[in-house]
Amino acid sequence: RAVQTAPFTPYLPGIEAEMGIAATYFIQVESLFYNPFTSASVPIVERLLTQRHRLGLHFDCAPDGKEIPVSLLPVRLERAMTCLRAYFGAVDAVSFHQPSPAVVSNQVKIPYVNTYDRDDMRGVEYLSDSCQTWAVGDPLAGLGTHKQASVQMLIHPALWGSTPTAFDVLSRNCILAKAQTLYDYT
């Protein structure tokens, strides 16, 4: 999952920990929506680790809308991993955000668990809440009935609310809230 610092996000890892579920939370180091290295975010990430969850890098293949050339992916990925490790220690998995065709077609090989690599994910069922919709219906209703022994769930808790909202509206609201925080700070 990608961690975002929405008010309700920190509760999900605690619920999982109480249920004995170990999860890997994937964090971006270059995001318009959050910064994992702020004084507000660091305690949230550290709490994940004390609850025995793991961290992964949620690496954006197209920051600012411009796709990183495949030849530069390893260098940029390693730079982001170094930042995340410097703050939080062990990070050994990568999930690509806006994956390039090379990533999706299994052409990019990296020395970490890669959530898009068919070999790394063999025996793992994938469920996603893309566009605030579960393609499989309610994923909790099917727990224990999945085809595979392990399940990878891509969850964007900051995007969910009592009513569905278009992503562009959610993005604009998030940016406006960040701008208000900066304005209030000055």
Side-chain angles (χ1 to χ4, degrees), residues 1-63 68 73-100 103-104 106 108-130 134 136 139-140 142-144 146-160:
R1 330 186 155 70
V3 171
Q4 302 204 4
T5 55
F8 54 85
T9 305
Y11 301 109
L12 184 60
I15 293 167
E16 289 172 325
E18 287 175 13
M19 296 175 69
I21 297 171
T24 301
Y25 282 79
F26 292 88
I27 300 173
Q28 288 186 359
V29 298
E30 299 177 77
S31 173
L32 294 174
F33 302 107
Y34 66 94
N35 179 345
F37 309 121
T38 65
S39 59
S41 297
V42 167
I44 293 170
V45 177
E46 288 175 340
R47 190 173 335 141
L48 290 171
L49 297 171
T50 63
Q51 293 168 330
R52 302 192 192 280
H53 296 301
R54 294 174 303 278
L55 293 183
L57 173 65
H58 192 45
F59 184 77
D60 194 345
C61 290
I68 298 170
L73 275 177
V75 172
R76 295 283 301 275
L77 182 108
E78 203 55 50
R79 185 183 312 152
M81 286 294 262
T82 299
C83 290
L84 207 51
R85 285 180 171 150
Y87 266 79
F88 304 113
V91 179
D92 61 0
V94 175
S95 182
F96 289 94
H97 179 71
Q98 299 179 352
S100 67
V103 170
V104 173
N106 219 38
V108 174
K109 298 297 181 185
I110 57 175
Y112 309 105
V113 172
N114 173 358
T115 62
Y116 279 89
D117 188 283
R118 289 183 199 92
D119 295 326
D120 290 346
M121 294 294 105
R122 186 168 282 121
V124 178
E125 186 169 355
Y126 176 76
L127 305 174
S128 173
D129 71 348
S130 295
W134 292 97
V136 296
L140 297 178
L143 285 180
H146 295 286
K147 297 174 268 180
Q148 307 294 339
S150 296
V151 176
Q152 177 190 167
M153 295 179 79
L154 174 60
I155 303 172
H156 301 87
L159 301 181
W160 286 86

(message) Students often mix this up, so state it plainly: with edges at 30° and 60°, are the rings of H53 and Y25 parallel, tilted or perpendicular?
(response) perpendicular

(message) Within this structure, what is the CZ-CD1 distance for the pair F88 and I27, rounded to the nearest 0.5 Å?
(response) 6.0 Å

(message) Would you compute the distance between atom OG1 of T24 and atom CG of L48 and round it to the nearest 0.5 angstrom?
(response) 10.5 Å

(request) Mark yes when over 12 heavy atoms from residues, nucleotides or ligands other than Q152 sit less than 6.0 Å from its CD; otherwise mark no. (result) yes

(request) Could you grab the distance from atom OG1 of T38 to atom CD1 of I44, nearest 0.5 Å is fine? (result) 7.5 Å

(message) Is any side-chain heavy atom of C61 closer than 4.5 Å to one of L73?
(response) yes

(request) May I ask you to decide if F37's main-chain N or O and S41's side chain share a donor-acceptor pair within less than 3.5 Å? (result) no

(message) Nearest 0.5 Å, please: how far is CZ in R54 from CZ in F26?
(response) 8.5 Å

(message) Quick check: closest heavy atoms across G14 and Q51, and the distance to 0.1 Å?
(response) CA-NE2, 3.4 Å

(request) Give the intermediate values and the outcome of side-chain contact (heavy atoms from CB on, under 4.5 Å) for residues M81 and V94. (result) CA-CA 9 Å; M81 286 294 262; V94 175; 4.3 Å; yes

(message) Can you give me the closest heavy-atom contact between L57 and A80, atom names plus distance?
(response) CD2-CB, 3.7 Å

(message) So, using salt bridge (charged side-chain N to carboxylate O under 4.0 Å, His left out) as the criterion, who are the partners of D117 when residues are at least two apart?
(response) K109

(request) Check whether any side-chain heavy atom of Y87 lies under 4.5 Å from a side-chain heavy atom of V29, and answer yes or no. (result) no

(request) Quick one: pull up OH in Y116 and OH in Y126 and give me the separation to the nearest 0.5 Å. (result) 5.0 Å

(message) Side chains of P63 and R76, heavy atoms from C-beta outward: is any pair under 4.5 Å?
(response) yes

(request) Working to the nearest 0.5 Å, report the span between CG of D120 and OH of Y112. (result) 13.0 Å

(request) Looking only at non-hydrogen atoms, find the nearest pair between V104 and R118 and report the distance. (result) O-NH2, 3.5 Å

(message) Test side-chain contact (heavy atoms from CB on, under 4.5 Å) on I68 and F59; report intermediate values, then the result.
(response) CA-CA 11 Å; I68 298 170; F59 184 77; 3.8 Å; yes

(message) Between Y34 and Q28 (side chain of the first, backbone of the second, donor and acceptor by atom type, cut-off under 3.5 Å), is there such a pair?
(response) yes

(request) Please examine the side chains of L77 and F96, heavy atoms only from C-beta on, and report whether any two atoms are closer than 4.5 Å. (result) yes

(message) Would you say that more than 12 heavy atoms from the other residues, nucleotides or ligands in this model lie under 6.0 Å from the CZ of R52, or not?
(response) no

